There are 2 protein chains.
Amino acid sequence: MRILKYALLGMLNKQDMTGYELMKLFEGALSEFWSVKHSQIYPELKRLTEEGMVTYTVEISGSVLEKKLYSITELGRQDFMKWLGQTHKMKATPKEEFRLQLFYSSALAPERQVYILENQLKQHNARLEHLKKNQSEFGEVPKRGTYEFSDYLVLLGAIRREEATCNWLKECIDMCKED
Amino acid sequence: MRILKYALLGMLNKQDMTGYELMKLFEGALSEFWSVKHSQIYPELKRLTEEGMVTYTVEISGSVLEKKLYSITELGRQDFMKWLGQTHKMKATPKEEFRLQLFYSSALAPERQVYILENQLKQHNARLEHLKKNQSEFGEVPKRGTYEFSDYLVLLGAIRREEATCNWLKECIDMCKED
DNA sequence: TAATAACATGTCAATACTTACATGTTATTA
DNA sequence: TAATAACATGTAAGTATTGACATGTTATTA
């Protein structure tokens, strides 16, 4: 499917960037729905260069440190826009180790079952707080048509997802403790 | 991490099964949080056999068709229970192609942006209806401590997740159409 | 009874992803 | 100024996963 390809092209469609800067972006807001390691980014940029989807110029940082500033080409932009305009079928639900564990958890002592649920709730609550803090930094909702608006929509999606997860975990805990 | 290992051991901890039956289970309720292809199951069962985590007996179905009925061993059960009782750190958020697409969607015409959102909503609504149908087949909430109870909890989780996704998508559509 | 769907088990090649290895520069701060 | 963190770019080995290839049996239904 080469989705990483489109993740990178999408960024370079906004502005020229180095591999390192791309990596940093994937550690930030994007990490809520896509994660990549630098060991995957550099080879993919190399491949995209060979395919003519991107080009780069070598910039000197300081006195000797070379860095590659990548730009999207017209070919790359066309390929990206084609992907962006398409509707995509939902993929198989993502794997979640915790839900698998919960699925089998009847084999545990009831207190332990509640404990792992509470542990998970704690982790998701922490993430939710973090996301809400990010949201508050927006101040008001960005204008439609801007990239900030899209940033806001996906952040909202991450918040709604965490809220739902926290509420579900609380429901589970209540049901486990009932009378 | 070998999570597939625990997915398989967890099933065999409930009852003896063939590779084919395991595969069928991963196409059912489990598919909401774990998916596996048969091409991954058979080699993993082979490996677990070599490791002494499972054993099998060959059963004859009909007159000649051989099938392998797998059982968990004491070693396998101990390893599984160790995993089951542990608390696990949340993994990096699962990859979602649609959210990546939405993140870049400011480069699209506004009507197209709304169209892909509505398409996604349609797909998630369909899945939600399907999950609710499954829930209604439970009749009432199963008793705590049974495997049915765990089945119910993870189904509830899938429903809450889809509800949140649908609500978020509606929010996005409204925000795109505002005034 | 012939066709078809479901049962049943595997391998292989390719892709995707992670972890560790490997190296060196530049900016900050103690 | 010395240490440290951040910048910067790669490779290699191993694990995980998918999709295609490969084969044959049994049950159902038209």
Side-chain angles (χ1 to χ4, degrees), chain A residues 1-8 11 16-28 30-31 33-51 54 56-70 88-97 100, chain B residues 1-8 11 16-28 30-31 33-51 54 56-70 88-97 100:
Chain A
M1 216 69 56
R2 301 272 313 271
I3 301 181
L4 173 58
K5 168 181 165 179
Y6 297 109
L8 298 178
M11 285 298 177
D16 293 356
M17 247 177 271
T18 65
Y20 189 81
E21 285 169 323
L22 285 161
M23 182 192 74
K24 284 285 145 187
L25 287 171
F26 282 106
E27 285 173 0
L30 264 102
S31 72
F33 50 88
W34 209 266
S35 57
V36 201
K37 301 283 156 64
H38 78 276
S39 55
Q40 223 188 331
I41 291 176
Y42 291 115
E44 185 66 28
L45 284 171
K46 196 179 174 183
R47 186 173 170 187
L48 288 170
T49 305
E50 285 160 6
E51 292 171 340
V54 301
Y56 66 85
T57 53
V58 176
E59 310 262 303
I60 302 294
S61 183
S63 56
V64 286
L65 185 60
E66 295 189 342
K67 54 181 187 178
K68 295 180 177 174
L69 191 67
Y70 285 91
H88 300 282
K89 260 193 223 107
M90 282 170 66
K91 296 285 185 304
T93 312
K95 294 175 168 64
E96 273 195 56
E97 186 173 11
L100 187 69
Chain B
M1 217 69 57
R2 303 271 312 271
I3 301 180
L4 173 58
K5 168 182 164 177
Y6 298 109
L8 298 178
M11 284 301 177
D16 293 356
M17 247 178 271
T18 66
Y20 190 81
E21 285 169 323
L22 285 161
M23 182 193 74
K24 283 285 146 189
L25 286 171
F26 282 105
E27 284 172 3
L30 263 102
S31 72
F33 50 88
W34 210 266
S35 56
V36 201
K37 302 282 154 68
H38 77 276
S39 55
Q40 223 188 333
I41 291 176
Y42 290 115
E44 186 64 30
L45 284 172
K46 196 179 173 184
R47 187 173 169 186
L48 288 170
T49 305
E50 284 159 8
E51 292 171 340
V54 302
Y56 66 85
T57 53
V58 176
E59 311 263 302
I60 302 294
S61 183
S63 55
V64 286
L65 185 60
E66 294 189 345
K67 55 181 188 178
K68 294 179 178 174
L69 191 67
Y70 285 90
H88 301 281
K89 261 193 222 106
M90 282 171 64
K91 295 286 184 308
T93 314
K95 294 175 168 64
E96 273 195 55
E97 186 172 12
L100 187 70

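Quantities reported herein were computed from a predicted structural model and do not represent experimental measurements. Chain letters run A, B, ... following the sequence lines, proteins first and then strands; every chain starts at 1. Basis for what follows: all heavy atoms, side chains included, without hydrogens, waters or symmetry-related copies.
Rounding to whole angstrom units, CD1 of residue A:I41 and P of D:dC7 are separated by 14 Å. Straight-line distance from the CH2 atom of B:W34 to the C1' atom of D:dA16: 10 Å, rounded to whole Å. Rounded to an integer number of Å, the gap from OH of B:Y42 to C1' of D:dT17 is 17 Å. For the pair B:E50 CD and C:dG10 P, the computed distance is 12 Å after rounding to whole Å. Regarding A:R47, its CZ atom lies at a distance of 18 Å from the C1' atom of D:dG10, rounded to whole Å. Look at NZ on B:K95: it is 13 Å from C1' on C:dT15, rounded to the nearest Å. When rounded to the nearest whole Å, the span between CG of B:L4 and P of C:dA16 equals 20 Å. Note: NZ (A:K5) to P (C:dT15) measures 13 Å, nearest angstrom.
Dashed line: the shortest gap from a side-chain N or O of B:K46 to OP1 or OP2 of C:dT11 is under 4.0 Å. Residue A:K68 places at least one side-chain N or O closer than 4.0 Å to OP1 or OP2 of D:dG10. A:Y20 has no side-chain polar atom (N or O) that falls below the 4.0 Å cut-off from OP1 or OP2 of D:dT9. Contact between the side-chain N/O atoms of A:K24 and the OP1/OP2 oxygens of D:dC7 is found at a separation under 4.0 Å.
Contact record, B:W34 with B:I3: CH2-CG2, 3.3 Å, taken as the closest heavy-atom pair. Of all heavy-atom pairs spanning B:S31 and B:F26, the tightest one is CB-O, 3.4 Å.
Pairing for C:dC7 goes to D:dG24, judged as Watson-Crick or G-U wobble with the two contacts each under 3.5 Å. Within the shown strands, D:dT11 is the pairing partner of C:dA20 under the Watson-Crick or G-U definition, both distances less than 3.5 Å. Base-pair partner of D:dA30: C:dT1 (Watson-Crick or G-U wobble, both distances under 3.5 Å).
For A:K67 (side chain) and A:T18 (main-chain N/O), no donor-acceptor pair under 3.5 Å exists by modelled atom type. In this structure, B:K91 contributes its side chain and A:E97 its backbone to no donor-acceptor pair below 3.5 Å. Between the A:E44 side chain and the A:I41 main chain, no donor and acceptor come within less than 3.5 Å of each other.
Residue A:Y70 has its side chain nearest to D:dG10 when only D:dC7, D:dG10, C:dG10 are considered. Considering only side-chain atoms of A:S39, the nucleotide from C:dC12, D:dT17, C:dT18 that sits closest is C:dT18. In the set C:dA16, D:dT26, D:dT9, the nucleotide with an atom closest to the side chain of A:Q40 is C:dA16. For B:S63, the listed nucleotide lying nearest its side chain is D:dT26; candidates were D:dT26, D:dT17, C:dT26. If you check C:dT25, C:dT11, D:dT26 against the side chain of A:L65, the one that comes closest is C:dT25. Closest approach to the A:H38 side chain among D:dT18, D:dT25, D:dT9 is made by D:dT9 (side chain taken as heavy atoms from C-beta onward). Considering only the side chain of A:S61, D:dA8 comes nearest among C:dA8, D:dA8, D:dT11.
Of the charged side-chain nitrogens involved, none lies within less than 4.0 Å of a carboxylate oxygen, so that B:E50 and B:K46 do not count as a salt-bridged pair.
Nearer to the 5' terminus of DNA chain C, by closest-nucleotide assignment, is the contact made by A:V36 (compared with the other of A:I60 and A:V36). Heavy-atom nearest nucleotides on DNA chain C were determined for B:T18 and for A:K37, and the one closer to the 5' end corresponds to B:T18.
No engagement by A:M23 is indicated, since no non-hydrogen atom pair under 4.0 Å with the nucleic acid exists. When heavy atoms are screened at a 4.0 angstrom cut-off, B:K91 is found touching no nucleic acid atom at all.
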